[in-house]
**Student:** 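Once you've had a glance at the structure underneath, I'll fire off some questions.
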Amino acid sequence: MDYLIDVTTIKNFSYCQMIPYINLKYNFYEPLTESMGQGKKLKPFEAANNLKLPKPWKQEVKIIDKELGVSGKVDLIAGENSFQILEVKAFKRKIEMSYHFRDQLLVYSYLVNKNIGKVVKAHLYMGGETFSFDINSYSLSYAKSLIIKLKELVNKDDPPKIKPVLAKCKSCWYRHVCPANP
């Protein structure tokens, strides 16, 4: 593979493996949604201040890992010698329904840990509510496994074998082109 996979693609992979397959194989992408638009207006510094994250703060840090073929823009990196990562989402969601955002955050943590320095904590700030995760060898290993699984998927010609979940599929923007659509 001679291109970089964006961390957002890994987030989508965690939500449904078919989405990145459709994106990368059909070059078909969901247009900007209200949630995405609202997210672009957020100010991570405000969330970092509310959370009392250690300074200095670096906002929208682009990280490229050519070895793994992954890139992404971290909303905020806090600290000097050990780091905390912050991912900010516009709308409040139940954490049980937000595992794909958590996975996105863990992959950012992995990339920062590998390319900048030790990450000790990661925060998911959704609509004013915060969920924090300790970063350890298990979470870093899990994040790397997501990257590897996605790379395996995009190197295959056939779509992934998934079991459609009606609750997700009925509101999915990709349902009309999805090979697994029920």
**Student:** Tell me, with the steps shown, if Ile135 and Val120 meet side-chain contact (heavy atoms from CB on, under 4.5 Å).
**Tutor:** CA-CA 5 Å; Ile135 300 303; Val120 294; 5.8 Å; no

**Student:** Hey, what do you get for CE (Met18) to CZ (Phe13), rounding to the nearest 0.5 Å?
**Tutor:**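 The CE atom of Met18 sits 11.5 Å away from the CZ atom of Phe13.
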
**Student:** What are the two closest heavy atoms between Ala180 and Pro164, and how far apart are they?
**Tutor:**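 Of all heavy-atom pairs spanning Ala180 and Pro164, the closest is O-CG, 3.0 Å.
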
**Student:** Indicate yes or no: at least one non-hydrogen side-chain atom of Leu150 is less than 4.5 angstrom from one of Pro20.
**Tutor:**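 Counting from C-beta outward, Leu150 and Pro20 do come under 4.5 Å.
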
**Student:** Can we say Lys11 and Asp103 salt-bridge, meaning some charged N sits less than 4.0 Å from an Asp/Glu carboxylate O?
**Tutor:**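 Salt bridge flag = no for Asp103 with Lys11.
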
**Student:** With rounding to the nearest 0.5 angstrom, report the CG to CG distance, Leu53 to Asn49.
**Tutor:**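 One gets 9.0 Å once the value is rounded to the nearest 0.5 Å.
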
**Student:** Can you tell me how far OG of Ser132 sits from CG of Leu51, rounded to the nearest 0.5 angstrom?
**Tutor:**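 It comes to 6.5 Å.
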
**Student:** Which residue, Lys114, Lys151, Lys144, forms the salt bridge (Lys or Arg N to Asp or Glu O under 4.0 Å) with Asp65?
**Tutor:**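 Exactly one option meets the salt bridge (Lys or Arg N to Asp or Glu O under 4.0 Å) with Asp65, and it is Lys114.
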
**Student:** Is a donor from one side chain sitting under 3.5 angstrom from an acceptor on the other, for Glu87 and His123?
**Tutor:**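 His123 and Glu87 do not have a side-chain donor-acceptor pair below 3.5 Å.
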
**Student:** Taking atom OH of Tyr142 and atom CG of Leu106, what is their separation to the nearest 0.5 Å?
**Tutor:**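 The CG atom of Leu106 is 7.0 Å from OH of Tyr142, to the nearest 0.5 Å.
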
**Student:** Would Tyr174 and Glu30 count as a side-chain contact (heavy atoms from CB on, under 4.5 Å) if you check the C-alpha gap in whole Å, the side-chain angles of each, and the deciding distance to 0.1 Å?
**Tutor:** CA-CA 7 Å; Tyr174 294 97; Glu30 180 177 18; 3.4 Å; yes

**Student:** Side chains of Ile162 and Cys16: closer than 4.5 Å at any heavy-atom pair?
**Tutor:**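 Sidechains of Cys16 and Ile162: in contact.
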
**Student:** Any chance NZ of Lys62 has more than 12 other-residue heavy atoms, nucleotides or ligands included, within less than 6.0 Å?
**Tutor:**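 It does: Lys62 NZ has more than 12 such atoms within range.
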
**Student:** For Asp75 and Tyr108, which I'm curious about, is there any donor-acceptor pair between the side chains at under 3.5 Å?
**Tutor:**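 Not at all, the side chains of Asp75 and Tyr108 share no donor-acceptor pair under 3.5 Å.
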
**Student:** On a heavy-atom basis, which atom in Ile77 and which in Val74 lie closest, and how many Å separate them?
**Tutor:**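 Closest heavy-atom pair between Ile77 and Val74: CG1-CG1, 3.8 Å.
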
**Student:** Is it the case that the side chain of Asn113 and the backbone of Ser109 share a donor-acceptor pair, with hydrogens and angles ignored and the cut-off at 3.5 Å?
**Tutor:**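 No, Asn113 side chain to Ser109 backbone: no donor-acceptor pair under 3.5 Å.
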
**Student:** Is the shortest side-chain heavy-atom distance between Val88 and Leu76 below 4.5 Å?
**Tutor:**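 No. Closest side-chain heavy atoms not under 4.5 Å.
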
**Student:** Among the clusters formed by ILVMFWY side chains lying less than 4.5 Å apart, do Val177 and Val165 turn up in the same one?
**Tutor:**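 Cluster IDs for Val177 and Val165 differ.
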
**Student:** Answer with yes or no whether the side chains of Lys89 and Gln104 bring together a donor and an acceptor at under 3.5 Å.
**Tutor:**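 Side-chain D/A pair, Gln104 to Lys89: present.
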
**Student:** May I ask you to decide if Lys156's main-chain N or O and Lys25's side chain share a donor-acceptor pair within less than 3.5 Å?
**Tutor:**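 Pair found, side chain donor or acceptor close to backbone of Lys156.
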
**Student:** Locate the shortest heavy-atom distance separating Cys178 from Ile22; write the atom from each residue and the value.
**Tutor:**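 Residues Cys178 and Ile22, closest heavy atoms: CA-CD1, 3.8 Å.
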
**Student:** Is any side-chain heavy atom of Val119 less than 4.5 Å from a side-chain heavy atom of Gln84?
**Tutor:**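 A side-chain contact under 4.5 Å is absent here.
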
**Student:** For Tyr110 and Val70, run side-chain contact (heavy atoms from CB on, under 4.5 Å): C-alpha distance rounded to whole Å, both residues' side-chain angles, the deciding distance at 0.1 Å, then the answer.
**Tutor:** CA-CA 11 Å; Tyr110 176 82; Val70 178; over 6 Å; no

**Student:** Angle between ring planes, Tyr26 versus Tyr21, binned at 30° and 60°: parallel, tilted or perpendicular?
**Tutor:**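 Plane angle over 60°, so perpendicular.
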
**Student:** Just to verify, what does Phe28 make a ring-ring contact (aromatic ring centres under 6.0 Å, His included) with, not counting sequence neighbours?
**Tutor:**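 Only Trp173 meet the ring-ring contact (aromatic ring centres under 6.0 Å, His included) criterion with Phe28.
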
**Student:** What is the distance from atom CE of Met126 to atom CZ of Phe101, rounded to the nearest 0.5 Å?
**Tutor:**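 The CE atom of Met126 sits 7.5 Å away from the CZ atom of Phe101.
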
**Student:** Counting only heavy atoms not in Lys149, do more than 12 fall under 6.0 Å of its NZ?
**Tutor:**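 Not more than 12 within 6.0 Å, no.
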
**Student:** Once you round to the nearest 0.5 Å, how far does NZ of Lys73 lie from OG of Ser71?
**Tutor:**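 Going from the NZ atom of Lys73 to the OG atom of Ser71 covers 10.0 Å.
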
**Student:** Flag yes if Leu105 and Ile148 sit in one hydrophobic cluster, no otherwise; membership is Ile, Leu, Val, Met, Phe, Trp, Tyr, and two members link when side-chain heavy atoms are under 4.5 Å apart.
**Tutor:**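 Hydrophobic grouping puts Leu105 apart from Ile148.
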
**Student:** Evaluate Tyr15 against Tyr99 for side-chain contact (heavy atoms from CB on, under 4.5 Å), listing each step before the verdict.
**Tutor:** CA-CA 8 Å; Tyr15 184 74; Tyr99 55 89; 3.9 Å; yes

